Amino acid sequence: MSETIEVNVHGALSQIAQADWDACAAPEAGDGGRADDPFTSYRFLRALELSGSVGPGTGWQPRYLTAHQDGQMIACAPLYAKGHSQGEYIFDHNWAHAYERAGGRYYPKLQIAVPFTPATGRRLLARPGHTSVGRAALVQGAQQLAQENGLSSVHITFCTDEEARAAPDLGLMHRMTQQYHWHNRGYAGFDDFLASLNSRKRKMIRKERARANGFGGTIRTLTGDEIAPGHWDAFWTFYQDTGARKWGMPYLTREFFDHVQDTMRDDVVLVLAEREGRPVAGALNFIGRQALFGRYWGCVEEHPCLHFECCYYRAMDFAIDHGLARVEAGAQGEHKIARGYLPAQTHSLHWFNDPGFADAVEKYLEAERAAISEDIEILTEYGPFRKAKVEEQQ
């Protein structure tokens, strides 16, 4: 086998065969099952592109990388030229300000990521048997692209633990952040989960669920063909409301949800609350092989505890019923801890064209990792689960 690897840059996913991309992004789905990560699938990334959610005018310009060896595509990466730091959820605004105060130009930068999606998954996508050489080729290709075009940096966000451990060998700096994830400990049902909590949190959750389900309407959990095209009209209204409050404007276009309906509805769980014949709130989740990924929530009516029910408890129900190992409920939110979502490490990798700036960032990251690790330890201790000593006394 030849050791020569050719790395190419593509401005559109249509320039890459879907079978080749998915063979790198989700080789585990070759058995007919689900992908570990639905967001790096060809269908999801193409939906972003076709809907105009990424591309000209969005600040996310596709520059997909592919690596070929002996005529076969062995690796690929969802790379974007970024004109800002919006929609990333790994915040580097302070780095940008410091870089520009020092006389540099931080934007555009290169980002290996799934746009608008703070969910952990592989970012350096390689066919089985080509992981090491494929990763190295993709990173070197991204760095060369940055150097040739005078770009400040390369960032790989929400990568896996394994990719984070490989960072030193790839010449990348490791950043640790945190989210809140719920883990299914083989629960037979939601009551089984409740039994694992201390009595105060158990009573709180029961009250919240009762209050939410008594809001004066019905709550439905829909997936696959249960989801009708018209449901997305309601959800678009919810999404716009949330986007206006959080980001100033929605990241995704209305057309994106039409593409999801056409190509990914079997990978979606849509929770809809309806009152007097119309949807008033909803939560959107995507299904992976091992996890349910909570993505968006919105409403046109405020009802107590409805957010907790639609976003957290219904997601737990679905994960238990379908044997999923965890629920990732998105970025931020310490209020999730009381509801069984505990702190979890998330990772990103970084490279800077300027060695001096890279040294300064490395020192910052070392201190930040220590602080994040301490926060996770403390917050986990305050989780809602029964302690071993309490159980023994009972």
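This one's a predicted model, so the numbers in the text were calculated from it and none came from an experiment.
Close placement of the F193 and W182 rings is indicated, their centers lying within 6.0 Å of each other. If you look at F39 and F293, their ring centroids are closer than 6.0 Å.
Between the T237 side chain and the D233 main chain, a donor and an acceptor come within less than 3.5 Å of each other.
For H93, there are no ring pair (Phe, Tyr, Trp, His ring centres under 6.0 Å) partners, not counting sequence neighbours. Applying the salt bridge (Lys or Arg N to Asp or Glu O under 4.0 Å) criterion to E274, with sequence neighbours excluded, gives R220. Residues satisfying the salt bridge (Lys or Arg N to Asp or Glu O under 4.0 Å) test with R209, not counting sequence neighbours, are E309, D317. Scored by the salt bridge (Lys or Arg N to Asp or Glu O under 4.0 Å) test, R265 finds D225 as partners (sequence neighbours excluded).
Heavy atoms from other residues, nucleotides or ligands lying under 6.0 Å from CD of E366 number 12 at most.
The aromatic rings of Y312 and F308 sit parallel to each other, their planes meeting at less than 30°, with 60° as the upper class boundary.
Sorted by first and then second residue, the salt bridge (charged side-chain N to carboxylate O under 4.0 Å, His left out) pairs involving residues 92-115 (not counting sequence neighbours) are E88-K109, D92-K109. Evaluation of the salt bridge (charged side-chain N to carboxylate O under 4.0 Å, His left out) test over residues 156-166, restricted to residues two or more places apart or in two chains, returns R135-E162.
Judged by distance alone, the side chains of T346 and T177 do bring a donor and an acceptor atom under 3.5 Å apart. H350 and S153 are not linked by any side-chain donor-acceptor pair at a separation below 3.5 angstrom, with hydrogens and angles left out of the test.
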